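Data block below; observations after.
Along the sequence shown, residues are numbered consecutively beginning with 1. From a predicted model like this one, the values you see are computed outputs, not experimental measurements.
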Amino acid sequence: MSERHPIISITGSSGAGTSTVTRTFANIFRRENVKAAVIEGDSFHRYDRKEMKARQAEAESTGNKNFSHFGPDNNLFGELENLFRTYGESGQGQSRKYLHNDEEAAPHQQPAGTFTAWEPLPADTDMLFYEGLHGAVVTPEHNIARHADLLIGVVPVINLEWIQKLWRDKHQRGYSTEAVTDTILRRMPDYVNYIVPQFAHTHVNFQRVPMVDTSNPFISRDIPSADESLVVIRFAQPKGIDFQYLLSMIHDSWMSRANTIVVPGGKMELAMQLIFTPFIWRMMERKKRALGAL
Ligand SMILES: Nc1ncnc2c1ncn2[C@@H]1O[C@H](COP(=O)(O)OP(=O)(O)OP(=O)(O)O)[C@@H](O)[C@H]1O
Ligand SMILES: O=C(CO)[C@H](O)[C@H](O)COP(=O)(O)O
C-alpha cells in the first residue's frame with residue numbers, strides 16, 4: 001500500500017475477462033488524465049511456451065498430470081511481489097511482455113510464445129495497474145495482495161469462464177477444443193488452490209452470470225451477450241459505498257445483499273466507471289498530498 005505510488009490489481013482466471021476490464025480502466029485513465037504503468041500478469045510466467053511444453057511432457061512422464069500456469073512453480077511470484085514492493089516504495093520496477101500470438105509478436109520481431117526483454121517501467125507514472133492471474137495471491141512464501149491499494153476480482157461463473165476461454169483460445173490463439181479442454185483439466189488443482197482463494201482478498205468482485213443455458217460450455221458456439229447476462233458486484237467493505245447513487249444511475253440494478261448490487265450485463269462498464277472513478281480521484285489526491293503538491 002502506498003500513497004505516493006498506488007497499485008490497482010485486477011485478478012482473474014484465464015478467460016475471465018481481465019484484459020477486457022483493462023480496456024475499461026484505460027478509458028477511465030484517459031478521461032481522468034492518469035498515467036498508469038500497465039503490467040500483464042502473463043509476463044510473470046516462469047517459462048516461455050517451448051520450455052513450458054518440454055517441462056510439461058517431462059512432468060507427465062513422471063506421473064504429474066497437473067503441471068500448470070496457475071501455480072507457484074511456473075510463475076515468478078517472488079519477482080511479482082518485488083515489483084509491487086519496489087513500485088510502492090519508489091514508483092520504479094521492471095516489466096516485460098509475453099507474446100501470445102503472431103499478431104502480438106510481430107512488432108517485436110520475435111516468435112509467439114516468447115517473452116520480450118525485461119525493461120524499466122516508464123518514468124513518472126501515477127500508478128501501477130496489474131491485470132492477470134495472480135494479483136491477489138497469498139501463499140506462505142509470498143503476499144502479493146498486501147501491496148495493492150485496490151484489488152478487483154473478475155470472476156464469471158465457471159461455465160461462462162470456460163466458454164470465454166474456449167472462444168478466445170480457439171479464435172484468437174489457434175487452439176483446438178480438445179487442447180483447451182486438456183488445459184482446463186490439467187489446471188484444476190492449481191485453479192482451486194491458487195486462483196480461487198484470491199477472491200477472498202479482493203475489495204470488489206465482478207461476477208458475470210449468464211441468463212441462458214450454458215450447461216455444456218464445450219459445445220457452446222458463442223459467448224452469452226451482454227443482454228443475456230447479469231453482473232453481481234460484491235464489495236468486501238460496503239462502508240462508504242454510495243449504493244443509492246449507483247442504484248439511481250444504473251437502470252434496472254438492484255441490491256441482492258447489503259454489500260452486493262446486481263446490474264444488467266450491458267451496464268458492467270458503466271458500473272465500473274461509476275464505482276472506480278471516485279477511487280481514482282481519491283488515490284490521486286492522496287498521492288498529491290503525500291508528495292506535498294496540495
Ligand atoms: N463482459 C464480457 N462480455 C462478453 N464477453 C466478454 C466479457 N469479458 C470478456 N469477454 C470475452 O471473453 C474472452 C476472454 O476475455 P479476456 O481476453 O479479457 O480474458 P483474460 O482474463 O484477459 O484472459 P487471459 O488472462 O487468459 O489473457 C474474450 O473473447 C472476451 O471478448
Ligand atoms: O493462462 C494463460 C493466460 O492467463 C495462458 O494460457 C498462458 O499465458 C499461456 O499461454 P500459451 O499456453 O498459449 O503459451
Is there a donor-acceptor pair closer than 3.5 Å between any side-chain N or O of [X] and the backbone N or O of [Y]?
X      : Y      : result
Glu81  : His142 : no
Lys287 : Arg4   : yes
Asn75  : Phe77  : no
Ser176 : Ala179 : yes
Asp42  : Tyr98  : no
Asp252 : Pro264 : no
Gln198 : Val137 : yes
Ser9   : Gly135 : yes
Thr277 : Gln273 : yes
Asp149 : Ile7   : yes

Nearest heavy-atom pair of [X] and [Y]: which atoms, and what distance?
X      : Y      : result
Asp102 : Ala112 : OD1-CB, 3.7 Å
Ile163 : Pro224 : CG2-CD, 4.2 Å
His69  : Leu133 : O-CD1, 3.7 Å
Arg55  : Phe67  : CB-CZ, 3.6 Å
Ala117 : Arg96  : O-CB, 3.6 Å
Ala236 : Thr202 : CB-O, 3.7 Å

Examine [X] and [Y] and state if one hydrophobic cluster contains both, with Ile, Leu, Val, Met, Phe, Trp and Tyr joined whenever side-chain heavy atoms are less than 4.5 Å apart.
X      : Y      : result
Met255 : Ile275 : yes
Val231 : Ile250 : yes
Ile39  : Ile28  : no
Trp254 : Met268 : no
Met211 : Ile223 : yes

Taking atom [atom1] of [X] and atom [atom2] of [Y], what is their separation to the nearest 0.5 Å?
X      : Y      : atom1 : atom2 : answer
Ile195 : Ser14  : CD1   : OG    : 9.0 Å
Ser248 : Phe243 : OG    : CZ    : 13.0 Å
Ile158 : Gln207 : CD1   : CD    : 10.5 Å
His134 : Thr139 : NE2   : OG1   : 10.5 Å
Tyr130 : Ile152 : OH    : CD1   : 13.5 Å
Trp162 : Asp169 : CH2   : CG    : 14.0 Å

With Leu246, the side chain to side chain contact (heavy atoms under 4.5 Å, CB included) member among Ile261, Ile233, Leu270, Val263: Ile261

May I ask you to test the [X]-[Y] pair for a side-chain heavy-atom distance under 4.5 Å?
X      : Y      : answer
Asn74  : His45  : no
His108 : Leu99  : yes
Val157 : Leu160 : yes
Glu269 : Arg23  : no
Pro156 : Gln164 : yes
Phe218 : Ser220 : no
Arg234 : Asn259 : yes
Arg186 : Glu60  : yes

[X] [atom1]: over 12 foreign heavy atoms closer than 6.0 Å:
X      : atom1 : answer
Arg221 : CZ    : no
Lys35  : NZ    : yes
Asn216 : CG    : yes
Arg257 : CZ    : no

Parallel, tilted or perpendicular: ring planes of Phe84 versus His147, cut at 30 and 60 degrees: perpendicular

Mutual orientation of the aromatic rings belonging to Tyr191 and Phe70 [parallel < 30°, tilted 30-60°, perpendicular > 60°]: tilted

Connected hydrophobic set around Tyr194, excluding itself, where side chains approach under 4.5 Å: none

Thr11 and Leu151: CA distance, side-chain angles, deciding distance, side chain to side chain contact (heavy atoms under 4.5 Å, CB included) verdict: CA-CA 7 Å; Thr11 198; Leu151 284 165; 5.8 Å; no

Side-chain donor-acceptor pair present, Tyr87, Thr125, cut-off under 3.5 Å: yes

Criterion side chain to side chain contact (heavy atoms under 4.5 Å, CB included) on Asp126 and Met284, from CA distance to verdict: CA-CA 8 Å; Asp126 295 314; Met284 292 300 284; 3.6 Å; yes

Verdict with supporting geometry, Ser19 and Glu131, side chain to side chain contact (heavy atoms under 4.5 Å, CB included): CA-CA 7 Å; Ser19 312; Glu131 67 97 355; 3.7 Å; yes

Trace of the side chain to side chain donor-acceptor pair (under 3.5 Å) decision for Lys170 with Thr177: CA-CA 7 Å; Lys170 282 161 57 178; Thr177 303; 3.0 Å; yes

Pairing of Arg208 and Glu161 as salt bridge, 4.0 angstrom limit: no

Side-chain ion pair, Lys97 and Glu40, N-O less than 4.0 Å: yes

Residue pairs, two or more places apart or on separate chains, that pass ring-ring contact (aromatic ring centres under 6.0 Å, His included) and touch residues 257-290: Phe25-Phe276, Phe206-Phe276, Phe276-Phe279

Side chain to side chain donor-acceptor pair (under 3.5 Å) evaluation trace for Ser225 with Asp227: CA-CA 5 Å; Ser225 68; Asp227 279 350; 5.3 Å; no

Residues which pass salt bridge (charged side-chain N to carboxylate O under 4.0 Å, His left out) with Asp190, listed by chain and number, not counting sequence neighbours: none

Stepwise ring-ring contact (aromatic ring centres under 6.0 Å, His included) check, Trp118 with Phe44: CA-CA 11 Å; Trp118 289 104; Phe44 284 80; 5.4 Å; yes

